> 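Have a look at this one before I ask anything.
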Amino acid sequence: MATHRFPPQTQDSQPGREYLMHPLPQPLNPDYKPSNKLLGKVALVTGGDSGIGRAVSLYFTLEGATVAFTYVKGQEDKDKDHTLKMINELKVGGAKDPIAIPTDLGFEENCKRVVDQVITEYGQIDILVNNAAEQYYSTTIEDIDEARLGRVFRTNIFSYFFMSRYALKHMKEGSCIINTTSLAAYAGNPGLLDYSATKGAIVAFTRSLSQQLIEKGIRVNAVAPGPVWTPLQPASMPAEKIAILGSEVPMDRAAQPYEIAPCYVFLACNVCASYITGQVVHPNGGSIVNA
């Protein structure tokens with residue numbers, strides 16, 4: 001019997017807004033004990049204003065990193081402001097003030113501009129988290145036209161290519177890239193056909209880029225969450241699907257963002273994950289993936 005169901009709810013546009021969700025997602029576990037794993041590092045997190053991206057930004061901050069994140073101007077401003085406030089409250093000594101960069105990451109020139117701004121502000125990028133995502137629910141391939149397919153692929157995989165391409169110009173040995181893929185890349189999802197396809201592309205991108213960068217000492221890994229209570233869900237799924245979110249995994253519930261973020265901390269920390277590259281971590285509620 002599930003213990004974590006959510007009231008049916010929808011939002012009328014993407015990206016979703018976290019402050020409208022009820023109950024609110026939980027980005028931090030009060031029992032988490034940081035240990036300066038990322039002290040002196042600069043991290044850039046795409047889609048960092050809410051959901052998993054917010055949780056990752058906060059956990060990186062707790063571990064000593066300076067954090068920059070991207071958001072969509074005009075739609076995610078309130079969530080962005082809240083995330084900046086939380087980062088500033090959690091920031092440890094030596095970390096610089098966070099910055100939030102408005103952009104549409106689906107286009108190469110915008111990705112370059114984001115990286116340039118981070119370098120201008122901080123002079124380095126040690127950790128890139130490609131996390132921004134877009135999804136639409138439909139039960140038939142007939143609903144997916146060229147415009148929608150292009151939009152989903154631009155946000156979900158083109159941006160990962162372009163952000164990596166420009167961030168790597170400034171990355172040194174010991175730096176890392178962490179990509180957000182999904183359980184859908186392995187198990188499929190009949191209602192998220194185009195989204196699932198992009199998530200499969202992210203797995204292949206992660207494996208291939210990791211091999212390309214081994215000689216440079218730069219690690220590339222991914223995290224494949226199962227169902228998570230984030231704004232992406234009510235902004236893209238029917239209300240009746242929200243009411244049963246998480247029922248498809250053995251734990252019979254969706255995760256909170258704070259249950260996913262420590263995976264990124266682990267992969268970002270050279271003390272913890274120096275021998276790990278080209279791999280995917282699976283915080284998915286017990287689903288077995290053999291790939």
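Since this is a predicted model, take the numbers as computed values, not measurements.
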> Could you work out, with side chain to side chain donor-acceptor pair (under 3.5 Å) as the rule, every residue matching Asn179, not counting sequence neighbours?
Asn130, Thr206

> With sequence neighbours left out, which residue pairs that include part of residues 230-247 fulfil the side-chain hydrogen bond (donor to acceptor under 3.5 Å, both in side chains) condition?
Gln135-Ser236

> In chain order, what residues pass the salt bridge (Lys or Arg N to Asp or Glu O under 4.0 Å) check against Glu108, with sequence neighbours excluded?
Arg165

> Go through the steps for Asp252 and Arg5 under the test salt bridge (Lys or Arg N to Asp or Glu O under 4.0 Å), then give the verdict.
CA-CA 9 Å; Asp252 195 29; Arg5 287 292 183 257; 2.9 Å; yes

> Report the distance from atom CG of Leu20 to atom CD of Gln11, rounding to the nearest 0.5 Å.
5.0 Å

> In terms of side-chain geometry, is the basic nitrogen of Glu259 or Arg253 positioned less than 4.0 Å from the acidic oxygen of its partner?
yes

> Taking the six-membered ring for Trp, are the ring centroids of His22 and Phe6 within less than 6.0 Å of each other?
no

> Apply side chain to side chain contact (heavy atoms under 4.5 Å, CB included) to Ser175 and Ile127, showing your working.
CA-CA 6 Å; Ser175 298; Ile127 305 159; over 6 Å; no

> Can we say Asp77 and Lys73 salt-bridge, meaning some charged N sits less than 4.0 Å from an Asp/Glu carboxylate O?
no

> Would the number of heavy atoms belonging to other residues, nucleotides or ligands and lying under 6.0 Å from CD of Glu173 be above 12?
no

> Among residues at least two apart in sequence or on other chains, which ones pass side chain to side chain donor-acceptor pair (under 3.5 Å) with Thr61?
none

> Side chain to side chain contact (heavy atoms under 4.5 Å, CB included), that's the test. Do Leu28 and Leu90 meet it? Break it down for me.
CA-CA 11 Å; Leu28 283 175; Leu90 296 172; 3.7 Å; yes

> Any luck finding a side-chain donor-acceptor pair between Arg219 and Ser274 under 3.5 Å?
no

> Taking only residues two or more places apart in sequence or in another chain, which ones pass salt bridge (Lys or Arg N to Asp or Glu O under 4.0 Å) with Asp81?
none

> Kindly state whether the ring of Tyr59 and the ring of Tyr32 have centres lying under 6.0 angstrom apart.
yes

> Partners of Asp126 by side chain to side chain donor-acceptor pair (under 3.5 Å), sequence neighbours excluded?
Gln124

> Just wondering, more than 12 heavy atoms not from Lys91 lying within 6.0 Å of its NZ?
yes

> Has Glu89 got more than 12 heavy atoms of other residues, nucleotides or ligands less than 6.0 Å from its CD?
yes

